Amino acid sequence: MGNTILKWLGLEKKSPYVNEYFFRTNMRSSIYMSCIVIVLELWMIIRLTNQWFSGILPKPFSYYFSNYYFYYFLLLGSGILTLVTAILYLRGKIRSHLPGTVILWTFALICLYFGIRISIGDYTKGEQVFTFLTMELFVICLLVWKPIVAFVLLTGSYLYYVYRINGVAPVSGAYSVLSRLSELTPQEAYEKLQAVAQTTGISQATQINMFTMWLSTYLFSIANYQRTLKSALKDENLEEINEHLSRISVIDELTGINNMVHFRSEAEKIMKYVTTDKENLIFLYLDIENFKFYNEKYGFVAGNELLIKVAKCIEKAFESSLVARFSDDHFVVLTRYTGSREIIRQISAEIHEMQQEVRLELKCGAFRPNLEEEETIDPSIACDRARLACNSIKKHYDQNFQQYDKTLEDRFRLKQYIVNNVDNAVENGYIKVFYQPVVSTEDASIVGLEALARWQDPQYGLLPPGVFIEILEEHRQIHKIDKCIIQQVCRDYRDAAEKGLAFAPVSLNFSRLDFELCDIVGYLENMSKEYHVPRKFLDVEITESALTDQQGLLQTAMKELRQLGYKVWLDDFGSGYSSLNVLKDFQFDVLKIDMKFLSGFSNNLKTRPILSNIVDLTRQLNMISLTEGVETQEQFDFLAKIGCVRAQGYLFSKPVPVTDLRARIGAGDLHVNKEFRTLQMREA
């Protein structure tokens, strides 16, 4: 209720923007008002002067000066002063409201007094009170007043005017008697003139008219105030929206530092117009490693708070440089190369202090424009190159800074090529199967083959799996390669069976993403049926690291594979940190011991007992043991001695195409175990 009353009185609290809007509105209105007053007063002064010099006015000049000239010049002077003040304020020459407020109030009060003073004289002559009404309209309606102020001004001026004319006898009554003298007897005329002389004050009709004028003027002033207030609030809202849009167009909403729109714009100016020390510029790309785990552990609110702290830390450290948030937990900086690495180390130390249980590392990639090769460089390209350098040291815990070079770009181009051309490679037969034999430790006969993917590219030549497998897994495209390998293996088996050539069971490497991105088990079963490949000739290898994610999905898939009759191998056993848990939670047919165990075989005394115990454990768990990476006869003999069932490595053969494998088997360099030859013949 109290707020409503204050609002109607115009006393509610207003924002600085609204107050400024009202003041500027009055300043603009006062320009029109003062111009009209100046023109009118000049005309009145000229008119009165002309009449006096013409002898029309009978009284001395002093009379007209005190009763007319003084008020004309007073109003004219205040009008000129108001006009000048308003123009100076609107042009920004005057910033304070005080001079304008004082002059505007003075001008308004002079106008009202002028209207009252002139209209009283007009009233005594029987003329209309137009001057008073005109000034009331000027002051109250042209300017915007708070309702309470308008009420005080209107009521005060009307009451004062009524008070002054209430004791004055208008001459209009005498004029009406004199105009009718021919119709009246001398006695009647005398009596009527006596009555007029005794009559003072305003009539009831005039009182009603004055009240009506007061009411209508006041209501208009209230409407004018409310209309101006509504416009001010609307403009303020639009101003706030525009300011917000303008701010977010260059400021990152979360961290409060610059965003990439501002960074690109300013960096482009720096690269274009800076003429001194340009060769000392460097683009930095900063990444908070393990931020994702921090977010997952402590929640997004805590993650956002950390980003804000890091952003402020970077901005403070590179105080005189261009800093922006690139995206997520990534930031970019355009700064001087000199001293930049020391600043990075400082920021890294501060981030370490922010970490809790999750270890946070600051990774920084850098790119220095080569001004000899590129006079100007697009900031987006520069940031991408710095990002590429940063990404190259991810998961390298011993390295926090990497500067971009041409080698990185070549690797990046190859990466993009692989991702963009994997479908084309599959369709055009660029994906080849290379087979590496798995032999029995009893007689070195082939008891299995591992199918390994190779990419025979027309542009890059033969690409080993280490180049493209990780890239395709990162971009979730690996299932396309694995499906292609399954089909080729099945086709090679069918071709061998139809030609009567020896073939051994083939193990297929499955990525953990295969089970997520497609129905890899269903596809394997379909290919087996299409090419009439016995399930005993197709095994599935799953790496130990794959079992740390999607355990439920993988357990279901492995169970299905074993129920269908496929053997499941555990690949790279011992390469991770959860090997024993994997053996506890999953069922495997073959345990493939990682080749790292044979590294330093001759010199490391711990290698032999470890391998011996793993083989014993495999036997106890009713699995077949297989050790990869066998390169010497000494290693092979030891494996046979401790009871390891199978071996694989360069001692027997590198991965080779199927034609080379058949040639070596045909030449007697390699021979397939009789058991599988017999099985193959029976299944065929």
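Please read all numbers here as calculations on a predicted model, not as lab measurements.
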Going by the rule salt bridge (Lys or Arg N to Asp or Glu O under 4.0 Å), which residues pair with [X] if we only count those two or more places apart in sequence or in a different chain?
{"X": "Lys432", "value": "none"}
{"X": "Glu560", "value": "none"}
{"X": "Arg227", "value": "none"}
{"X": "Arg413", "value": "Glu409"}

Presence of salt bridge, [Y] and [X], under 4.0 angstrom:
{"X": "Arg512", "Y": "Glu473", "answer": "no"}
{"X": "Glu20", "Y": "Arg24", "answer": "yes"}
{"X": "Glu289", "Y": "Lys394", "answer": "no"}

Going by distance alone, is a donor N or O of one side chain under 3.5 Å from an acceptor N or O of the other, for [X] and [Y]?
{"X": "Gln477", "Y": "Asp423", "value": "no"}
{"X": "Lys363", "Y": "Gln399", "value": "no"}
{"X": "Ser380", "Y": "Arg264", "value": "yes"}

Check the pair Trp455 / Tyr430 against ring-ring contact (aromatic ring centres under 6.0 Å, His included), numbers first and verdict last. CA-CA 6 Å; Trp455 186 326; Tyr430 300 152; 7.8 Å; no
Heavy atoms, side chains only, cut-off 4.5 Å: are [X] and [Y] in contact?
{"X": "Asp514", "Y": "Ser511", "value": "yes"}
{"X": "Ile624", "Y": "Leu591", "value": "no"}
{"X": "Leu583", "Y": "Met623", "value": "yes"}
{"X": "Lys483", "Y": "Cys518", "value": "yes"}
{"X": "Leu570", "Y": "Glu541", "value": "no"}
{"X": "Met260", "Y": "Val332", "value": "yes"}
{"X": "Asn400", "Y": "Ile393", "value": "no"}

Considering residues, nucleotides and ligands other than [X], do more than 12 of their heavy atoms fall under 6.0 Å from its [atom1]?
{"X": "Glu342", "atom1": "CD", "answer": "yes"}
{"X": "Glu470", "atom1": "CD", "answer": "no"}
{"X": "Asn424", "atom1": "CG", "answer": "yes"}
{"X": "Lys230", "atom1": "NZ", "answer": "no"}

Mind checking what makes side chain to side chain contact (heavy atoms under 4.5 Å, CB included) contact with [X], not counting sequence neighbours?
{"X": "Glu268", "answer": "Lys272, Pro379"}
{"X": "Leu233", "answer": "Val18, Leu229, Glu236"}
{"X": "Ala386", "answer": "Tyr285, Phe367"}
{"X": "Val419", "answer": "Ile471, His475"}

Is the distance between the ring centroids of Tyr225 and Phe22 less than 6.0 Å? yes
Could you work out, with ring pair (Phe, Tyr, Trp, His ring centres under 6.0 Å) as the rule, every residue matching [X], not counting sequence neighbours?
{"X": "Tyr337", "answer": "none"}
{"X": "Tyr294", "answer": "Tyr298"}
{"X": "Tyr17", "answer": "none"}

Pick from Thr543, Leu524, Val568, Ile485: which one makes a side-chain contact (heavy atoms from CB on, under 4.5 Å) with Phe510? Leu524
Heavy-atom pair of closest approach, residues Asp457 and Gln459: OD2-N, 2.8 Å
Name each donor-acceptor pair under 3.5 Å that joins a side chain in residues 310-326 to protein atoms two or more places apart or in another chain, with its distance.
from   : atom 1 : to     : atom 2 : distance (Å)
Lys312 : NZ     : Thr255 : O      : 3.3
Ser321 : OG     : Thr335 : OG1    : 2.7
Arg325 : NE     : Asp328 : O      : 2.9
Arg325 : NH1    : Asp252 : OD1    : 3.3
Arg325 : NH1    : Asp252 : OD2    : 3.3
Arg325 : NH2    : Asp328 : O      : 2.9

